[in-house]
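One structure is given here, and the rest of the page talks about it.
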Amino acid sequence: MREAISVFDIFKIGVGPSSSHTLGPWKAALQFLQSLKNQGKLDKVKSLKVLLYGSLAKTGKGHGTDVAVLLGLCGEDPVTIDVNEINNKILAIKNDCSLTLDGVHKINFIVADDLTFLFNESLPYHPNALSFLATFEDGNNICETYYSVGGGFVVKENESIASKDIVQLPFPIDKSEDLSHWCMKTGLAIHEVVMENENAWRSEAETRKGLLQIWKAMRESIYRGCHQQGMLPGGLLVKRRAADLNRKLIAGRPYNDYESWVEAIRAGGNDFKYVLDWVSCFALAVNEENASFGRVVTAPTNGAAGVIPAVLQYFIVTDNALNDDKIIQFMLTASEVGSIFKKGATISAAMGGCQAEIGVSSAMAAAALTESRGGTQRQALMAAEIAMEHHLGLTCDPIGGLVQVPCIERNTMGAIKAITASSLALQSAPDFAKVSLDTVVKTMWETALDMDSKYKETADGGLAVHIPLSLSEC
């Protein structure tokens, strides 16, 4: 039995730049703290070492893995932390040569010595692995290993799904054919089936409230990113572009907040020559925030965080859809497609390349847009298939290990492909489709297995090795 996946597993509020390399290790550190507390040993820790393996080591600096682990060990929450204080908190740890575990137990900790990047070592279960080695005052010690498996999901070594609480869903879904079966049997739309499943975890009111909080974080990242200028951190000297593009496209129309901004955009009309510019602007904005250690939503990952917000924002503007019901419907449908890819393939670039991030997010957005515009369940799944089909084989080759080039622009491409896929599906009859969504999920996984590891988030191949910049410069 595969793990039941909630909409709030797919969409998580966190800090950039990477769900696998930032949010996942951060959550692993928090889980390790909880493990120590469960054993009654948190205040008995004398020293601690952290080991980063494989992909986490190779691109860890660029992705802020070291920063995430340190903040997690301090007990900071990625959902609520003041992102403007991150640099100060890390500087204090380094200057004081100490770490306060969970904010209550202070130990000596020299970052250069006690947090180790093992560039040439990898553990078999997953490329994104990290271990915590704690020594206690009585001389005993423990070692716990965690894997960041994509999208902010974390698996503890030797912990199986069977060891967790299994939620019995009214409509269990592993594949798209399962989803189609339940839709046909019940007459429910995709988002309605997903909401019924969410009711197994919490009330519908709680789910709606949580999804609107997710959307609030998404729209804030869009709006904030459209009004920030300067260079992105990390050494690549990448200039932020969303603010300049927003200023050009808004053409002087006045606004003072998100809602009036949407109206100002709509007042400019839906001239075809500007639509794709706006979609690109929305996606750039989110991923420039992500690259700046800003707050974004995994959708289903941080590296692909701009695709779904950009397509949803496009839908809101073009279809006058700024209302809670439409936004919630969009997100429920998108989440189920992401869940199907996670169960049948991967949403980790370290496992599958960028097809697992931008490709999956594009498929999620395509399905959600299609159903939101009145498409049938089969058309929605057809749109998801089309979007992924044209991302198959996409590699992950971040320059300098930073989630900037080519990652930021890829979000614009993923968003535009999602809109195109939706348009094609809405004008097509699924009966004549040659490829099913389940077939493309299987194909994506096989492609991931065949892909050389140097094209999987290691910065060992592709664009990463053809730009004259070393990791030491970042």
Measuring from atom CE of M195 to atom CD of E198, what distance do you get when rounded to the nearest 0.5 angstrom?
7.5 Å
Considering residues at least two apart in sequence or located in another chain, which fulfil the salt bridge (charged side-chain N to carboxylate O under 4.0 Å, His left out) criterion with D452?
none
Is N287 reaching over with its side chain to a backbone N or O of I408, donor-acceptor style, under 3.5 angstrom?
no
Inspect the contact between R373 and D319 and indicate whether a charged nitrogen and a carboxylate oxygen are less than 4.0 angstrom apart.
yes
Trace of the salt bridge (charged side-chain N to carboxylate O under 4.0 Å, His left out) decision for R247 with D244
CA-CA 5 Å; R247 186 181 303 107; D244 288 340; 2.9 Å; yes
Any side-chain donor paired with an acceptor under 3.5 Å for Q39 and S35?
yes
Taking all non-hydrogen atoms of both residues into account, name the closest pair between F11 and I308 and its distance.
CE2-CD1, 3.9 Å
Between D325 and R208, is the closest basic N to carboxylate O distance under 4.0 Å?
yes
Got a sec, which pairs hit ring-ring contact (aromatic ring centres under 6.0 Å, His included) with one end in residues 311-338, sequence neighbours left out?
none
Testing the 3.5 Å rule here: is there a donor-acceptor pair between the side chains of T59 and H21?
yes
Is it the case that K248 places NZ or CZ above or below the six-membered ring of Y274, under 6.0 angstrom from the centre and within 45 degrees of the axis?
no
Take K156 and E144 through the test salt bridge (charged side-chain N to carboxylate O under 4.0 Å, His left out) and record every step on the way to the result.
CA-CA 8 Å; K156 185 178 180 181; E144 292 188 4; 3.5 Å; yes
Quick one: does any side-chain atom of S292 pair with a main-chain N or O of G294 as donor and acceptor, under 3.5 Å?
no
Any pair with a residue in residues 166-212 that passes ring-ring contact (aromatic ring centres under 6.0 Å, His included), sequence neighbours left out, goes on the list, sorted by first then second residue, please.
F171-W182
If only side-chain N and O atoms count, and only distance matters, is there a donor-acceptor pair under 3.5 Å linking T301 with T298?
no
Quick check against the 3.5 Å criterion: does S339 have a side-chain atom that pairs as donor or acceptor with the backbone of S335?
no
Looking only at heavy atoms, the pair that brings V69 and L130 closest together is CG2-CD1, 3.9 Å
Aromatic centroids of H227 and Y255 separated by under 6.0 Å
yes
Return each pair, listed once, that meets salt bridge (charged side-chain N to carboxylate O under 4.0 Å, His left out) where at least one residue sits in residues 434-445; pairs must be two or more places apart or across chains.
none
For E204, is there an ion pair with K209 - N to carboxylate O distance below 4.0 angstrom?
no
State which residues pass side chain to side chain contact (heavy atoms under 4.5 Å, CB included) with T80; sequence neighbours excluded, sorted by chain then number.
D77
Indicate, with yes or no, if the rings of F282 and W278 have centres closer together than 6.0 Å.
yes
Does the side chain of S203 pick up a donor-acceptor pair with the side chain of E206 at under 3.5 Å?
yes
Could you pull out all residues at least two apart from K216 that satisfy salt bridge (charged side-chain N to carboxylate O under 4.0 Å, His left out)?
E220
Short side-chain donor-acceptor distance under 3.5 Å, H126 and S55
no
Polar side-chain atom of T22 near backbone of H63 as donor-acceptor pair, under 3.5 Å:
yes
Listed by chain and number, what are the ring-ring contact (aromatic ring centres under 6.0 Å, His included) partners of W215, not counting sequence neighbours?
none
When you check the side-chain N and O atoms of E371 and T333, is any donor under 3.5 Å from an acceptor?
yes
Residues two or more places apart in sequence or in another chain: which of them pass salt bridge (charged side-chain N to carboxylate O under 4.0 Å, His left out) with D9?
none
Taking salt bridge (charged side-chain N to carboxylate O under 4.0 Å, His left out) as the definition, give me every residue that meets it alongside R253, ordered by chain and number, with sequence neighbours left out.
none
Go through the side-chain N and O atoms of D257 and S260 and say whether any donor and acceptor fall under 3.5 Å apart.
yes
I'd like to check the side chain to side chain contact (heavy atoms under 4.5 Å, CB included) partners of E157; sequence neighbours left out, ordered by chain and number.
T145, Y147
Could you work out, with side chain to side chain contact (heavy atoms under 4.5 Å, CB included) as the rule, every residue matching T395, not counting sequence neighbours?
D397, R410, M451, Y455
Considering only distance and modelled atom types, tabulate donor-acceptor pairs under 3.5 Å from the side chains of residues 377-391, sequence neighbours left out.
residue	atom	partner	partner atom	Å
Q377	NE2	L188	O	2.8
R378	NH1	D431	OD1	2.7
R378	NH2	D431	OD1	2.8
Q379	OE1	T376	N	3.0
Q379	NE2	A425	O	3.3
Q379	NE2	S428	O	3.3
H391	ND1	A387	O	2.8

